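Shown next, in structure tokens, is the structure this report addresses.
This one's a predicted model, so the numbers in the text were calculated from it and none came from an experiment. What's counted below: heavy atoms across the whole structure, side chains too, no hydrogens, waters or symmetry copies. Chain naming here is simple, since letters A, B, ... match the order of the sequence lines and numbering starts at 1 in each.
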Amino acid sequence: MYSIHTDDFNLGYTLSCGQVFRWEKNDWWTGVVNGAVIRAKQEDTELLIDSSIDREFIWKYFRLDDDMEMIYSDINKDSLMDSLIRKYRGLRLIRQDPWECLVSFICSSNNTIRNITYSIKCICERFGREIEKGYYSFPAPEVLADIHLGDLRSCKLGFRAPRILNIASMIANSEFDLYGIKYLPYREGRNELVKIAGVGNKIADCVLLFAFEKLESFPVDTHIEQIMDRFYGDNWGSAKKSKKRYETAEFARRYFGRYCGYAQEYLYIEALGLKLKYIQMNQL
DNA sequence: CTGGCA
DNA sequence: CCAGG
């Protein structure tokens, strides 16, 4: 076990903002990353880590190298973003594994966080390697390329199952260079990702932001669309949904600038929080 | 397509 | 029936 001193870092916000699906909170947060179990807990500015993974990896994984003062001053364009930065200060993007991230967001299409979390867990338990009791690695493309469609049925993936097997085979057979996308500029990377069946701009943007370090990516889902309409004006109302979301993302890139991916996460966690409040109120 | 809710 | 990171 070791501890890392952090500034402007909030572990709970970082792991609860919909970017990653394999962390669970009990007393400690527990997740499987890069084939190893990580247990993490924050005590003020100290991040406690219990894992075989070294501190360099953790530092990179949680993007502790990002200069948040600089990023905050860059995206702080108005009173809304100013209040969100104060409210969720320390929320960081995560540098995820591209393959796990791609599969996770193929699962995300027309799906809820709850169901996505279930499906990913199921994929790992069925096809991953057991690292320690109850914790499984995420199966490599070569592993998923060899399984049968019927084997994925129980993971409740529906129409997403063949998409996952298809891209697993393409990567395993070197017909698609997923890892090379890291070295492409944002738009070229997106052009490559949307060639995958089942990957549109939204899913491509998530993978580019969460795995390929393209901070100028701005994924627009239903929550982001609503909050953008509400605070920045619905200037794209008549367009069809996918077109409208594309226009919203282009606007956000111009408006928030080169770190708009960070702005997007602060908007997203606020939308999630509002939704949770609504659900809790309904349950009273 | 799946899950939650009415 | 609706929502859906």
Worksheet item: Looking across every strand, which nucleic acid part, if any, lies under 4.0 Å from Cys17(A) by heavy atom: base, sugar-phosphate, or nothing?
Response: base

Item to complete: In whole angstrom, give the distance that lies between atom CD1 of Ile164(A) and atom C1' of dC1(B).
Response: 12 Å

Item to complete: For Glu225(A), answer base if it contacts any base atom (sugar-phosphate contacts may also be present), sugar-phosphate if it contacts only those atoms, and nothing otherwise; contact means non-hydrogen atoms under 4.0 Å.
Response: nothing

Worksheet entry | No-hydrogen, no-angle side-chain donor-acceptor test under 3.5 Å, Asp8(A) and Tyr72(A) | no

Worksheet item: What integer distance in Å separates Ile113(A):CD1 from dG4(B):C1'?
Response: 15 Å

Worksheet, complete the sentence: Rounded to whole Å, the CG-P distance (Asn110(A) to dG4(C)) equals 10 Å

Worksheet item: Does a salt bridge link Glu192(A) with Lys195(A), judged by any charged N lying under 4.0 Å from a carboxylate O?
Response: yes

Worksheet item: Separation of Ile116(A) atom CD1 from dG3(B) atom C1', in whole Å?
Response: 12 Å

Worksheet entry | Tyr118(A) OH to dG4(C) P, straight-line distance once rounded to whole Å | 22 Å

Discussion item. Which residue in the set Arg253(A), Glu213(A), Glu216(A) passes side-chain hydrogen bond (donor to acceptor under 3.5 Å, both in side chains) when paired with Tyr186(A)?
Written reply: Arg253(A)

Worksheet item: For Arg114(A) and dG4(B), is the shortest distance between a side-chain N/O and OP1 or OP2 below 4.0 Å?
Response: yes

Discussion item. Could you tell me how far apart Arg245(A) (CZ) and dG4(C) (C1') are, to the nearest whole angstrom?
Written reply: 9 Å

Item to complete: Classify the side-chain pair Tyr88(A)/Tyr268(A) by whether it contains a donor and acceptor separated by less than 3.5 Å.
Response: no

Practice prompt. May I ask you to say what Gly18(A) touches in the nucleic acid, namely base, sugar-phosphate or nothing, with a heavy-atom cut-off under 4.0 Å?
Written response: base

Fill in: Under 4.0 angstrom between Thr112(A) side-chain N/O and dG3(B) OP1 or OP2
no

Worksheet item: So does Lys156(A) get a side-chain nitrogen or oxygen closer than 4.0 Å to the phosphate oxygens (OP1/OP2) of dC1(B)?
Response: no

Item to complete: Please lay out, stage by stage, how Phe21(A) and Phe105(A) fare under the test ring-ring contact (aromatic ring centres under 6.0 Å, His included).
Response: CA-CA 10 Å; Phe21(A) 301 96; Phe105(A) 284 94; 5.5 Å; yes

Worksheet entry | Nucleotide dT2(B), atom C1' - distance to CG of Leu157(A) in whole Å | 10 Å

Worksheet item: Atom CD1 of Ile120(A) and atom C1' of dT2(B): how far apart are they, to the nearest Å?
Response: 15 Å

Worksheet item: So what does Tyr268(A) touch, heavy atoms closer than 4.0 Å: a base, only the sugar-phosphate, or nothing?
Response: base

